[in-house]
Amino acid sequence: MTTSPPSSSSGEQQTSSGFHQLHPGVQKWIWQQKWPALRDIQERAILPILAGDRDVLISAATAGGKTEAAFLPIFSRLMEEPGMGIGTLCISPLKALINDQFRRLSEIGEQLEIKVTPWHGDIDAGRKRRLLKQPSGVLLITPESLEALFVRHGSEIAGFFQGLNYLVVDELHAFIGSERGKQLQSLMHRVEQVIRRRVPRIGLSATLGDMELAAEFLRTGKAVQVEQIESEDEGQEIQIQVKGYRKTVPVLDRALNLNKALNLNQDETEDLGDSQDEMDITAHLFRVLRGETNLIFINSRSAVEAYTDRLCRLSDQQRVPNEFFPHHGSLSKEIREEAEQALKSDKPTNVICTTTLEMGIDVGSVKSIAQVGPPFSVSSTRQRLGRSGRKAGDPAIIRFYISEPDVTSTTLIQDALHPALVQTIAIVNLMVFERWCEPPIVTKLHLSTLIQQVLSLIAQYGGVNALQLYQVLCQTGAFQQITQEMFIQFLRQLGAKDLIQQTHDGLLILGLKGERLVNHYSFYTAFQTPEEYRIVTQGKTLGTLPIDFPLIEGLFLIFAGRRWMVLSVDAEHKVVDVARASAGRVPKFGGGGGAIHDRIRQEMYQIYRSEKVPVFLDRTAVDLLQEGRENFYRFGLDNRYLLQDGKKTLLFCWMGSQVINTIYLLLRTQGLQVELNGIAIVVHDTTPERLMKKLEAIVDMEPVDAISLAEVVEDKAIGKHDLFLNEELLGWNYAASHLAPSKAWETLQVLVKQ
DNA sequence: GACCTGCTGCGGAATG
């Protein structure tokens, strides 16, 4: 799906209008590549980028060809107008992408004698110093390293970028809605602000969701002027299967039991947690995927470890070479590269991974995708699906493995609806038939990132006055939702926390705490990272575990797909030494939850009410769906939202995380004991009648404002620097990110009218 | 019932 059909003859380039506008050197390079023709987006990007007077958004389903689409005209322009300093600044979300791009761009760069420089944490300081002395050509950099440039080389920045022709953002979609995205927008603006002119921005994005939002991200307030170049949909064939499994009580693995009897090892009891469904899924993955190259996506890092361990043991037992490798964010670079190398080799390779392989390295040709457990969003499912069938003509194949409990008298009502299966069907429906995708939430205030940007701007200049700060960051910058009043309160708060101080002539400088923050290298990231232990064996780092996972000498551990025993724990240096062992237990990695969109829950409701049986379900999945529907009607959920369950009342509102979260808080402000549990809100010690009275009372009131609702939330400090905010600022910040009061109020209104 | 991303300058020791 990345390639346009190589139908045209080599003569076609002569008829291409764009090709002839390119610099002869660039044309020569293209000839040398022996491409049959320029791809559609490459052809269409030439004139608007060469013009150099507008922002351009290039989107295509996968990475292929987008980089060249942007850089052929960019190199062309750099040949004609070399200018002073850096000619093009390209910002990328991953170090691996920068390395990859450097490899591709340095080739043409060498031929044209345009310097291309990669710049991130793994690049040696000497190379960076040399570029600072003699800036030129193309700079490939992460947002964090660009932040560091502003902080450490504030006075040189203007000269460094004075001749900038273009600013490119790679994988733009990966930034939208996040703290890093807000940081990037602020940095883009600060680059223009320091050289006192507008620089054309080129965004490279996957075709996920709303392209208007991507344009708005690229140039806030001027999205209509962004020229959009979208590749035609190649209409690749998609094959989908959803396999259902019944979760039963854990059984003893016979082979393991035998091992245990032989070894007489007490700690092997930890192995007995494998339930029947997990063993069945493992067996199917082993049977169907072995011998080919596939990606197996699993929802959590600990489940990745558990499945890798099971699949490796199965390979052992069957005396076949191991083709299964783990890949997730807590594994060391070396361990991850092992899996990545195997993927790029021509040997059959199956990588069991979390979201780490959704983006980034080119995984080459992957036959199929497995998704174990329900997906949580359409956008991530689409990204995963796009990783398979990359060769022209190959279909994209995805298999979902979904476990649901056997329904007994003790099964929770919400579990008897088999929501994991129905959520999976909902996501497939929205992805394939509705062609819908979650838009990112762009209304967040990002006050934590604003703290970072205030401190960074002060460090850049040594001192700034409050009005300048407001103009650069809020009025014309990335934080346009911050009012002047809010900003004044915000600065006072930073002063109170000793992050900033005011000199007698009104200049804002760093306070003691601010200095300390800015002078540590951890300052450059906008996002929060937990403290971790390093897991080491024979001097080699395997990866990291969160500090709150209890590690003691003699503990058995499954990590990086292998089994270990803890030899020693160095609490001071946070290093844990391990050695190979035959027993093991999967660790807990921690980590918070994400959000589910309203549309997914509404689609689930429609699926329960429908009689349609999707063709992509297997026998067990069909049975489970029928069972879920029967229970849905048995509980009468087709015409009511409240359900008595003993002393509890369940509220089903069929909406996403923000709305559920808001209703949960609304009920708590009414003095009720409430709990969130899957798709239901559980209210203790009440009846549907009594709860309905409360709901009516809530609806009769004016829609409650988000700020006063946020007051009920105990722990609102989520972002990296949130701990410096006062209660009021925290409330605004939390409400904008996590609450949807008017939507919740509308939802309750519908519900009460029933 | 979850996920991922990223990071500088310096001082001191070892090496050519």
Side-chain angles (χ1 to χ4, degrees), chain A residues 91-99 119-129 132 141-154 170-171 173-184 187 247 297-306 327-331 333 336 353-361 371-377 379-381 383-384 402-405 412 414-415 419-420 423-424 449 452 456 459 517-530 532 544 546 588-596 600 657 660 675-680 720:
Chain A
I91 307 172
S92 242
L94 299 175
K95 291 189 284 193
L97 282 175
I98 289 176
N99 296 343
W119 184 308
H120 56 67
D122 298 343
I123 302 294
D124 84 284
R127 195 171 195 174
K128 295 175 182 170
R129 263 197 308 273
L132 274 168
I141 198 167
T142 59
E144 287 75 14
S145 284
L146 183 56
E147 189 77 71
L149 266 174
F150 273 105
V151 172
R152 303 280 163 196
H153 303 277
D170 194 24
E171 303 277 4
H173 61 277
F175 287 110
I176 306 177
S178 72
E179 286 152 323
R180 265 186 120 191
K182 196 42 82 177
Q183 178 187 24
L184 168 62
L187 289 170
K247 233 183 270 181
F297 285 100
I298 302 198
N299 287 339
S300 73
R301 284 167 287 183
S302 46
V304 165
E305 292 291 350
H327 196 285
H328 60 71
S330 293
L331 295 176
K333 201 176 153 191
R336 292 195 310 181
C353 57
T354 55
T355 55
T356 39
L357 290 182
E358 255 172 39
M359 199 177 69
I361 67 142
Q371 162 75 41
V372 181
F376 293 95
S377 75
S379 66
S380 129
T381 309
Q383 287 271 89
R384 292 176 183 193
I402 309 296
S403 297
E404 286 289 2
L412 290 175
Q414 55 272 39
D415 289 344
Q423 182 172 308
T424 305
T449 308
Q452 181 206 37
S456 173
L517 268 185
V518 170
N519 286 327
H520 194 263
Y521 62 83
S522 58
F523 175 72
Y524 312 124
T525 51
F527 54 87
Q528 175 92 287
T529 40
E532 292 174 317
T544 57
K588 278 199 173 67
F589 289 89
I596 286 226
I600 294 175
S657 314
I660 286 206
E675 179 196 338
L676 289 177
N677 192 322
I679 55 173
K720 184 176 181 181

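We name chains A, B, ... by the order of the sequence lines, and we start the count at 1 in each one. Reckoned from all heavy atoms, side chains included, excluding hydrogens, waters and symmetry mates.
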Can any side-chain N or O of A:T354 pair as donor or acceptor with the backbone N or O of A:S300 at less than 3.5 Å?
no
Given B:dT8, B:dC3, B:dG6, identify the nucleotide with an atom nearest to the side chain of A:R180.
B:dG6
To the nearest 0.5 angstrom, please state how far the OG atom of A:S456 sits from the CZ atom of A:F523.
5.0 Å
When you measure from the side-chain N and O atoms of A:S145 to the phosphate of B:dC7, is any distance below 4.0 Å, counting only OP1 and OP2?
yes
Measure CD1/A:I98 against P/B:dC7 and give the value in whole Å, please.
7 Å
Is there a donor-acceptor pair closer than 3.5 Å between any side-chain N or O of A:T355 and the backbone N or O of A:E358?
no
Of B:dT5, B:dG1, B:dC3, the nucleotide closest to the side chain of A:F376 is B:dG1
OP1 or OP2 of B:dT5 less than 4.0 angstrom from a side-chain nitrogen or oxygen of A:T529, does that happen here?
no
Judged by modelled atom types alone, do A:H327 and A:T356 share a side-chain donor-acceptor pair under 3.5 Å?
yes
Distance in angstrom units between A:F297 CZ and B:dC4 C1', rounded:
12 Å
Counting side-chain heavy atoms from C-beta on, which of B:dC3, B:dC7, B:dA2 comes nearest to A:H120?
B:dC7
A:Q452 and A:Y524: which non-hydrogen atoms are nearest, and at how many Å?
NE2-O, 3.2 Å
note: A:D170, atom CG; B:dT5, atom C1'; distance rounded to Å ~ 14 Å
Taken to the nearest whole Å, CD/A:Q183 to P/B:dC4 is 20 Å
Are the ring of A:F527 and the six-membered base ring of B:dT5 within the stacking cut-offs of under 5.5 Å and under 30°?
yes
If you check every side-chain atom of A:Y521, which of B:dG6, B:dC7, B:dC4 has the closest atom?
B:dC7
For residues A:L187 and A:P143, report the shortest heavy-atom separation together with the two atoms involved.
CD1-O, 3.4 Å
How many Å lie between CD on A:Q383 and P on B:dT5, as a whole number?
14 Å
What integer distance in Å separates A:L146:CG from B:dG6:P?
15 Å
Between A:Q423 and A:H520, who's closer to the 5' end of DNA chain B by nearest nucleotide?
A:Q423
A:R301 side chain, from C-beta outward: closest of B:dC3, B:dT8, B:dT5:
B:dC3
Touch check for A:S300, heavy atoms < 4.0 angstrom, all strands: base, sugar-phosphate only, or nothing?
sugar-phosphate
Shortest non-hydrogen contact from A:S403 to A:A420?
O-CB, 4.5 Å
Just the table, please: protein N/O against nucleotides 9-16 of chain B N/O, every pair under 3.5 Å.
residue : atom : partner : partner atom : Å
B:dG9   : OP1  : A:H153  : NE2          : 3.1

Once you apply a heavy-atom cut-off of 4.0 Å, does A:G373 come out as touching a base, just sugar-phosphate, or nothing?
nothing
CD of A:E305 versus P of B:dC3: gap in Å, rounded?
12 Å
Protein-nucleotide distance (A:I596, atom CD1; B:dG1, atom P), rounded to Å
13 Å
Closer than 3.5 angstrom, by distance alone: can the side chain of A:Q371 be matched with the main-chain N or O of A:G373 as a donor-acceptor pair?
yes
